[in-house]
Number of protein chains: 2
Amino acid sequence: MNAAAQLADNRRKLLEIAAEEILENGFQATSIGDILTKSGLSKGALYHHFPSKLTLGYAVFEEVFVPECATRWEPALNTSDPITSISTLLRAQVSDMTDEMIRLGCPINNLGQEMSPIDEGFRQRINREINHWCDELAAAFKRGQAAGHVKTEIDTRQVATFFVASIEGAIGLAKNAQDRTLLEACVEGLIGYLEGLRA
Amino acid sequence: MNAAAQLADNRRKLLEIAAEEILENGFQATSIGDILTKSGLSKGALYHHFPSKLTLGYAVFEEVFVPECATRWEPALNTSDPITSISTLLRAQVSDMTDEMIRLGCPINNLGQEMSPIDEGFRQRINREINHWCDELAAAFKRGQAAGHVKTEIDTRQVATFFVASIEGAIGLAKNAQDRTLLEACVEGLIGYLEGLRA
DNA sequence: CCTTGAAAACCGACCGGTCGGTCTGATACT
DNA sequence: AGTATCAGACCGACCGGTCGGTTTTCAAGG
């Protein structure tokens, strides 16, 4: 491996291990020392790549959590029949979730709940991302309306917001209970709601 | 004030200040030192009443957060027309929420999201409480069915679970955005869903 | 092809400070 | 006198972050 690749590799390793630790313990309770031990790298290496713990946290959010999430949801958005495609993806995502994922919940929402009230940098990043999802979802519903699959009288943006809230709430409930059946129940409730929006 | 009353008073003061700190910073990031400073009491006093920080946290949950929450929701549950009474209470609760409450979110859900994956004691307490809400809500819907106000074909327990998840998710979204209009939008979405359950 | 020099990358001992928790007394009530 | 109720000095562990020094890399000059 050449030097540039090694360099990028070390940075990536730090990011991914930090992501694991943050997902498991939250940002504040994540220890730099633990990240170093797990990665086998030194404190010098970490602080060479990231000027502070906070900066590392922002990078984890933007370079690990957000892309992960985008990959997961994109397939459902570019269709003319969003209610069907979203319902299908929803069920598939839930049944694909490991018990570990149930236990840990949504990385982005976790971070938001922990950090939004106490760090404006996190808050803005997370808020921007959630708005982005709502926008995309609302656009998908609008396309559904144009294609005649979705009732025209609904406020697409409001429906999108309610959808995101319900999903995040459902993941949170299942995380507390460590019980995927809770998540399944909520998803069926949500799908029932969506079906009510069909034209 | 006699001695016994003073004693109980000190314990209560510690509980309430600890509750404020936990709500603001989360449990792990809450410092015993800060609680002592704010209360004007000493470390000796705190560790006389509570053997550990964790025990204090459990007590805050059971003696502050849970009763607060119960007071807030009980009025909507003992009626024959739950959809109407819940919708009314929901709108009232949201418009009564201060900006501070929007910023901080739901104490119980906050604690659950932070502590459930890493402390079984918190997890069980929180899970028990959430189950209790779902039970009460489901019972209210059942009474609504018996009174002919709610569709008989719905699974009341599933609806109750979805309801709780959506509320918690909505509070979480509004907390991230620090924007009560998000909460209002979600509540209208949820009320729309409930209206669809009318017999 | 080799040497060289400076910059990039990395190392880990160390720092001040904070943490939760303990312990020894002092005080006040019974 | 004896016991419940503190007060606060103190403890070791750990925290994020710094810093002086070492190694690696790589282009330029010969």
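Here is how names work: the chains are called A, B, and so on, in the same order as the sequence lines, proteins then strands, and each is numbered from 1.
- Between B:Glu21 atom CD and C:dG20 atom C1' the separation is 15 Å, expressed in whole Å.
- For a distance-only test at 3.5 Å, the side chain of B:Lys53 fails to qualify as a donor-acceptor partner of the base of C:dG21.
- Of the side-chain N and O atoms in A:Asn10, none sit less than 4.0 angstrom from OP1 or OP2 of C:dA9.
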Trace of the ring pair (Phe, Tyr, Trp, His ring centres under 6.0 Å) decision for B:Phe162 with B:Tyr193
CA-CA 10 Å; B:Phe162 178 60; B:Tyr193 167 77; 4.8 Å; yes
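- Residue-level contact check: A:Thr30 touches the backbone only, with heavy atoms under 4.0 Å from sugar-phosphate atoms and none from bases.
- Atom-to-atom, CD1 of B:Ile35 to P of C:dG21 comes out at 11 Å; the value is rounded to the nearest Å.
- Contact detail for A:Gly112 and B:Asn176: the closest heavy-atom pair is CA-OD1, 3.2 Å.
- Taking every side-chain heavy atom of B:Ile32 into account, C:dG20 is the closest of C:dG20, D:dC6, D:dG16.
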Could you give me the CA-CA distance, side-chain angles and deciding distance for B:Arg128 and B:Asp135, then say whether salt bridge (charged side-chain N to carboxylate O under 4.0 Å, His left out) is met?
CA-CA 10 Å; B:Arg128 197 181 312 141; B:Asp135 287 343; over 6 Å; no
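- The minimum heavy-atom distance linking B:Phe122 with B:Tyr58 is given by the pair N-CE2, 3.5 Å.
- We find that CD1 of A:Ile22 is positioned 11 Å from P of D:dG16, with the value rounded to whole Å.
- Map A:Asp34 and A:Gly44 each onto its nearest nucleotide of DNA chain D; the residue landing nearer the 5' end is A:Asp34.
- Side chain of B:Ala45, nearest nucleotide from D:dC6, D:dG8, C:dG12: D:dC6.
- Between the CG atom of A:Leu56 and the C1' atom of D:dG16 there is a distance of 12 Å, given to the nearest Å.
- For B:Lys43, whose side chain is taken as the heavy atoms from C-beta onward, the closest listed nucleotide among D:dA9, D:dC6, C:dG12 is D:dA9.
- Spacing between atom CG of B:Leu36 and atom C1' of D:dG8 amounts to 10 Å, rounded to whole angstrom units.
- Side-chain nitrogen and oxygen atoms of B:His49 include none within less than 4.0 Å of the OP1 or OP2 phosphate oxygen of D:dT5.
- Summarising the geometry, the separation between CD on B:Gln28 and C1' on C:dT18 is reported as 16 Å, rounded to the nearest angstrom.
- When each of C:dA9, C:dC19, C:dG12 is scored by its nearest atom to the side-chain atoms of B:Ser31, the top-ranked nucleotide is C:dC19.
- Atom-to-atom, NE2 of A:His48 to P of D:dT25 comes out at 13 Å; the value is rounded to the nearest Å.
- Here the C1' atom of nucleotide C:dC19 and the CG atom of B:Asn25 are 14 Å apart, to the nearest Å.
- Contact between the side-chain N/O atoms of A:Ser42 and the OP1/OP2 oxygens of C:dC10 is not found at any separation under 4.0 Å.
- A:Tyr47 does not carry A:Lys53 over the face of its six-membered ring by the limits of under 6.0 Å from the centre and within 45° of the normal.
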